[in-house]
Amino acid sequence: MKKRTVLTGITTTGTPHLGNYVGAIKPCIEASHDEDVQSYYFLADFHSLVKNQDPERLRQSTLEIAATWLALGLDTRRAVFYRQSDVPEIAELTWILTCSTAKGLMNRAHAYKASVQENVDAGEDPDFAITMGLFSYPILMAADILMFNSTHVPVGKDQVQHLEMARDIAQRFNHHYGEIFALPEAVVDEHVAVLPGKDGRKMSKSYNNTIPLWLTEKQLRKAIMRIVTNSLEPGEPKDPETSALYAVYAAFASPQQRASMREAYRNGIAWGEAKQQTFELINRELAPGRERYDALVAEPRLIEETLCEGAERARAFATPFLARIREAVGIRSLV
Ligand code: TRP
């Protein structure tokens, strides 16, 4: 059986939060142990440059995200774990793909269109503060994916359009230059929980309702105590299906734990008690990683070495593959 090639990128903006952990980090790390999969996970620092032009923040976020994945047990012997900018072949492929990508395709990108719409609504020039980086973002992402002949790309729903664009770009290239690229598929896991944030809406940086992953035990407890609940008193039955607190609990719980917590809700558990149990469950899961994380962040050299090794392995595939692509488009030796 041909191995599947699974690839996904993590934009290096901000600090990882519980929503990232449940929605992406944990499932990817679990998949990294699967023998039938060749996985590539990378820090998309070129992508983050589109939004983040603060050099120190970019570095800090790269450090924190890399430390997080390593602390949580990513199998870096099996999975290839690297920083996008350490693989110059990706940037070169981006240009090659840019030259055969229709501008009209990019005009349709949701993120770009939303920025234009915001400008129009605000009475600004439609192009106000829109960079070519934002406009061409999907081409860089296509290069990330096509560079490794990825077949399966786990992403959130918001990235599905980018995957369709990567397929379009690959197909157009293949049609013109011959069968070079595998056609990638988005993998959107409907079972992975979308974690609500402290206010009950989806946990997201843009809503400012996140719970950072690496709080101290005390801070984590405090953050969980702040998750919104309603005014039902202890002893009054509570509905787990509409409770953000229950959804957070469920994302970390086993099926048995979920069943007994639902039972406790119906039997009128006090919100304070439900919060305490939620805190304990999450803290138990994160405590061992927290220690490793603190040790790694204090020793960035180890992370740097791991990323450099990852880039070497990534380039072992990318360098010869890019040579084929150059050959195909006519960037060739004259003799
Ligand atoms: N755009 C993705 C996001 O914001 C991150 C990303 C960059 C990515 N390159 C990728 C995801 C390649 C999957 C494959 O989440």
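Atoms within a ligand are numbered from 1 in the order they appear, just like the ligands themselves. Computed from heavy atoms alone, side chains included, the values below leave out hydrogens, waters and symmetry copies.
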Charged N to carboxylate O under 4.0 angstrom, Glu92 versus Arg326?
-> yes
NZ/Lys26: more than 12 non-hydrogen atoms of other groups inside 6.0 Å = yes
Those residues with a heavy-atom separation under 4.0 Å from ligand 1 are Leu7, Thr8, Gly9, Thr11, Phe42, Ala44, His47, Tyr137, Met141, Asp144, Ile145, Val153, Val155, Gln159
Do other residues, nucleotides or ligands put more than 12 heavy atoms under 6.0 Å from the CG atom of Asn230?
-> yes
CZ (Arg332) with more than 12 external heavy atoms under 6.0 Å = yes
Would Tyr41 and Phe81 count as a close aromatic pair, with their ring centres under 6.0 Å?
-> no
Does a sphere of radius 6.0 Å around CD in Glu56 hold more than 12 heavy atoms from other residues, nucleotides or ligands, not counting ones at 6.0 Å or beyond?
-> yes
